[in-house]
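The block underneath contains the structure these notes are about, expressed in structure tokens.
All figures in this text were calculated on a predicted structure; none of them were measured in a lab. Heads up: numbering here begins at 1 and tracks the sequence.
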Amino acid sequence: MTVTFCGHRELNNPGAIRCWLEKTVEGLIEEGAYRFLLGGYGAFDALAASVVFQAKKKHPAVRSMLVLPYLNRKVDASLYDSTMYPPLEAVPRRFAIVKRNEYMVAQSDVIVACVLYSWGGAAATLRCAERQQKRIIRYQESG
């Protein structure tokens, strides 16, 4: 099972979201998730990468992959097992992240989403997942 994440660049309650991510990732691994695709941009992506990195200590067979929207850009890939660049050569640079996100959704069985408002890239990625009828696990703010 392949999992990808979508969420906002900035987070209001990273502690609660991290706790939710830890439980969600552990549950998905127990269900058979073995490959996690990560985008590497913003606070939610950083939390997701950190949580998967920690989960690998208990589940060493799990693989995390940083999916790059651009070639020839320096990235810190220390939290990932590998990086990959999807077939985006013909995509104009300003659409590269959107197309990369669509690619990640298409390759995944499950989308883990922390999307709290209806605008921006995370919301567009979530709509893409809904159109593709992917299984979506959503973070819900309490209160």
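A heavy-atom distance below 4.5 Å is not found between the side chains of V3 and Y34. Using a 4.5 Å cut-off on side-chain heavy atoms (C-beta onward), F44 and L21 make contact.
Salt-bridge formation is not detected for the pair R131/E102: no Lys NZ or Arg NE/NH1/NH2 atom is positioned less than 4.0 Å from an Asp or Glu carboxylate oxygen. For E22 and R18, the salt-bridge test passes: some basic side-chain N is under 4.0 Å from an acidic carboxylate O. Here R138 pairs with E130 in a salt bridge; the nearest charged N to carboxylate O distance falls below 4.0 Å.
Residues F5 and I17 fall within the same hydrophobic cluster, defined by Ile, Leu, Val, Met, Phe, Trp and Tyr side chains chained together at heavy-atom separations under 4.5 Å. In this structure, Y70 is not a member of the same hydrophobic cluster as L88, with clusters built from ILVMFWY side-chain heavy atoms closer than 4.5 Å. Taking hydrophobic clusters as Ile, Leu, Val, Met, Phe, Trp and Tyr residues chained together by side-chain heavy-atom distances below 4.5 Å, L79 shares a cluster with L47.
Side-chain atoms of R100 come within 3.5 Å of backbone N or O of V67 as a donor-acceptor pair. A donor-acceptor contact shorter than 3.5 Å is absent between the side chain of D81 and the backbone of M65. In terms of modelled atom types and a separation under 3.5 Å, the side chain of T4 and the main chain of L37 share a donor-acceptor contact. Looking only at distances, no side-chain donor or acceptor of R35 sits under 3.5 Å from a matching main-chain atom of M1. At distances below 3.5 Å, at least one donor-acceptor pair connects side-chain atoms of K56 with backbone N or O atoms of V62. Under a 3.5 Å cut-off, the side chain of S50 and the backbone N or O of A46 do not form any donor-acceptor pair. Between the N101 side chain and the T125 main chain, no donor and acceptor come within less than 3.5 Å of each other.
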Mind listing the side-chain donor-acceptor pairs of residues 114-121 below 3.5 Å, one per line with the distance, residues two or more places apart or on another chain?
none

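Using the six-membered ring where Trp is involved, Y139 and W20 have ring planes that are perpendicular, over 60° apart on the 30 and 60° scheme.
The environment of NZ in K99 is sparse: at most 12 heavy-atom neighbours from other residues, nucleotides or ligands sit within 6.0 Å. For Q133, the CD atom counts as loosely surrounded, since its 6.0 Å shell holds 12 or fewer non-hydrogen atoms of other residues, nucleotides or ligands.
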